[in-house]
Amino acid sequence: MRVWLRRSRAARWRWPGPDSIDGGVLLDSKSLRADPQAVAANLARRGFKLDVESFRSFEERRKAVQVEADRLRAERNANAKAVGMAKGRGEDASTALARADELTRELASADAALVAVQAETESWQLGLPNTLHDSVPPGRDESDNVEVRRHGEPRKLDFTPLDHVALGEQLGGLDFDAAARISGARFVIVRGALARLHRALAQFMLDVHTSEHGYTELYVPYLVSAAALQGTGQLPKFAADLFKVESEQGFYLIPTAEVPVTNLVREQILEAAVLPLQFVAHTPSFRSEAGSHGKDTRGMIRQHQFDKVELVQIVKPADSYAALERLTTHAEAILRKLELPYRVMALCGGDVGFASAKTYDLEVWLPSQQKYREISSCSNCEAFQARRMQARWRNPETGKPEPVHTLNGSGVAVGRALVAVLENYQNADGSITIPAALRS
RNA sequence: GGAGAGAUGGCCGAGUGGUCGAAGGCGCGCCCCUGCUAAGGGCGUAAGGGCCAAAAGCCCUUCGAGGGUUCGAAUCCCUCUCUCUCCGCCA
């Protein structure tokens, strides 16, 4: 239906192949080789320690092994060709045939060594996070994030606000106990008017992004392959955060629509004219929340399953930072229209996610906590995911395929938006006023 | 679930053991001719990786994936994946 959906045989991702040492994996291997110290200095801003020495050592080994294997292969090819030509002329080929035997043996052992060193390099590289953009503020954790702007004033209430759990139970719309009996902790059943509000929020977001921000709506798989997850950076490092489905195919439940949506362009070479691509999808997200025991155990803030409207952009590298600003305002537009007070935070080096080069979080005001809480996260992954996915565009200036830049952002988390609406729109009698933007 | 067919470059499509990374066509790019909403001619046009400071150059890999046979595989054998058609089933 569209140019970018064409199947590209050329671009079919072959990997890990015997000679694809770079393989488009992770950080740009060339800059890593050229200046490992600079990469190490950059990654140190995240608190990630890059072992330059061990990189150098297996890089040296890799080079030696690869050169030797290539040399042997070249000789074997030439030798085989000589055999063919001799036989064609009806000449004796026994000398070349004897050499061929030796070459076969030598090549087998050289290849084995090459495969081994490449596997080692690859798994090491897959564990390296993205480099950070220069503008990312320094810092170790959440507390060092920098507020960029703030919008809206928290309502002055002349009563003590309830949290969404109390409000939801009063209204008979949120049932955590029933969900616990059915599935366990960190699930919820939403009922009646609140279920409808939840649905309205999701549809509202989709409508705004498609009709006002130029996104194309997608319906996507909720079960994805390990390869797709590796493409966007969840695997191999963060398997513990995912739900793996017991099945022959080895499916995982998506932790975010970012995975299927961004992978839409994997193994593609896109024509410059189709960029930028802007997609929006409403999906559930499944997260094991391993390692968050005791955090936000009450309520809907942190669940194993939640709905999210996700924005994804595929852009030319030169445009990606402008796109990040725009994408962030697209997510903000939802909160503005819902008249929810929020602030925009630039995440510090220590808080930026694995695949991202720069991230803005949107935090919405929650009266019950008297705090701003994350409701969206907007990231520019630059070429990081594109390299892992082999997602490229043809740069007219060079005529060559180059990695695209990918961005994603929640626009916004539906479950948390429901929480925010309940809490910010509550009345003294425990009723909820429906935001004007949702009335029709 | 059962039966069959297929997978080659941006696209279509040849190619059953040896100068095949791959004929031919289309598309695209540059140039020439021509000069008006036409046509003709020439050349060029895959991706990934390595060596090199770099360019040039050289080399390796890739004809769905993996393995095997062979001195040598797009071509022969095995396994898998995906696509299409028919039957069954299902929303």
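A note on names: the letters A, B, ... follow the listed sequences, proteins ahead of strands, and every chain is numbered from 1.
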Atom-to-atom span, [atom1] of [X] to [atom2] of [N] - whole angstrom:
X: Asp70(A); N: G50(B); atom1: CG; atom2: P; value: 10 Å
X: Asp111(A); N: G50(B); atom1: CG; atom2: C1'; value: 14 Å
X: Gln118(A); N: U62(B); atom1: CD; atom2: P; value: 13 Å
X: Leu107(A); N: U61(B); atom1: CG; atom2: C1'; value: 12 Å
X: Leu72(A); N: G72(B); atom1: CG; atom2: P; value: 14 Å
X: Ile269(A); N: U62(B); atom1: CD1; atom2: C1'; value: 13 Å
X: Lys400(A); N: G10(B); atom1: NZ; atom2: P; value: 12 Å
X: Lys81(A); N: U19(B); atom1: NZ; atom2: P; value: 7 Å

State the pairing partner of [N]; accept Watson-Crick or G-U wobble contacts with both distances under 3.5 Å, and report none otherwise.
N: C52(B); result: none
N: C89(B); result: none
N: G4(B); result: C84(B)
N: C43(B); result: G29(B)
N: C63(B); result: none
N: U75(B); result: none
N: C36(B); result: none
N: U19(B); result: none

NA contact type, [X], heavy-atom cut-off 4.0 Å: base, sugar-phosphate, or nothing?
X: Ala96(A); value: nothing
X: Arg99(A); value: nothing
X: Arg394(A); value: sugar-phosphate
X: Ala100(A); value: sugar-phosphate

Could you check which of [options] has an atom nearest any side-chain atom of [X]?
X: Arg392(A); options: C71(B), C59(B), A47(B); result: A47(B)
X: Gln66(A); options: G49(B), C71(B), C60(B); result: G49(B)
X: Asn77(A); options: U61(B), G48(B), C71(B); result: U61(B)
X: Asp101(A); options: C51(B), A47(B), C71(B); result: C71(B)
X: Thr104(A); options: G18(B), C51(B), G72(B); result: G72(B)
X: Gln390(A); options: G48(B), C51(B), G18(B); result: G48(B)
X: Arg73(A); options: U61(B), C51(B), C71(B); result: U61(B)
X: Ala80(A); options: A47(B), C71(B), G50(B); result: C71(B)

Heavy-atom closest contact (Pro36(A) atom, Leu50(A) atom, distance): O-CD2, 3.9 Å
Shortest non-hydrogen contact from Arg388(A) toward Gln230(A): NH1-O, 2.8 Å
Aromatic ring pairing Phe354(A)/Phe238(A), orientation class (parallel under 30°, perpendicular over 60°, tilted between): perpendicular
Could you work out the separation of [N] and [M] based on their [atom1] atoms and round it to a whole Å?
N: A7(B); M: G64(B); atom1: C1'; value: 6 Å
N: G15(B); M: C30(B); atom1: C1'; value: 31 Å
N: G17(B); M: C76(B); atom1: P; value: 8 Å
N: C89(B); M: C12(B); atom1: P; value: 35 Å
N: G49(B); M: G10(B); atom1: P; value: 15 Å
N: U62(B); M: G66(B); atom1: P; value: 9 Å
N: A56(B); M: U19(B); atom1: P; value: 28 Å
N: A14(B); M: G25(B); atom1: C1'; value: 10 Å

4.5 Å side-chain heavy-atom contact, Glu325(A) and Asn380(A): no
Glu271(A) and Trp393(A), any side-chain heavy atoms less than 4.5 Å apart: no
Donor-acceptor side-chain pairing of Glu258(A) and Thr232(A) below 3.5 angstrom: no
Test item: Ser377(A) side-chain N/O and Asp361(A) main-chain N/O as donor-acceptor pair under 3.5 Å: no
Within 6.0 angstrom of Lys400(A) NZ, more than 12 heavy atoms from elsewhere: no
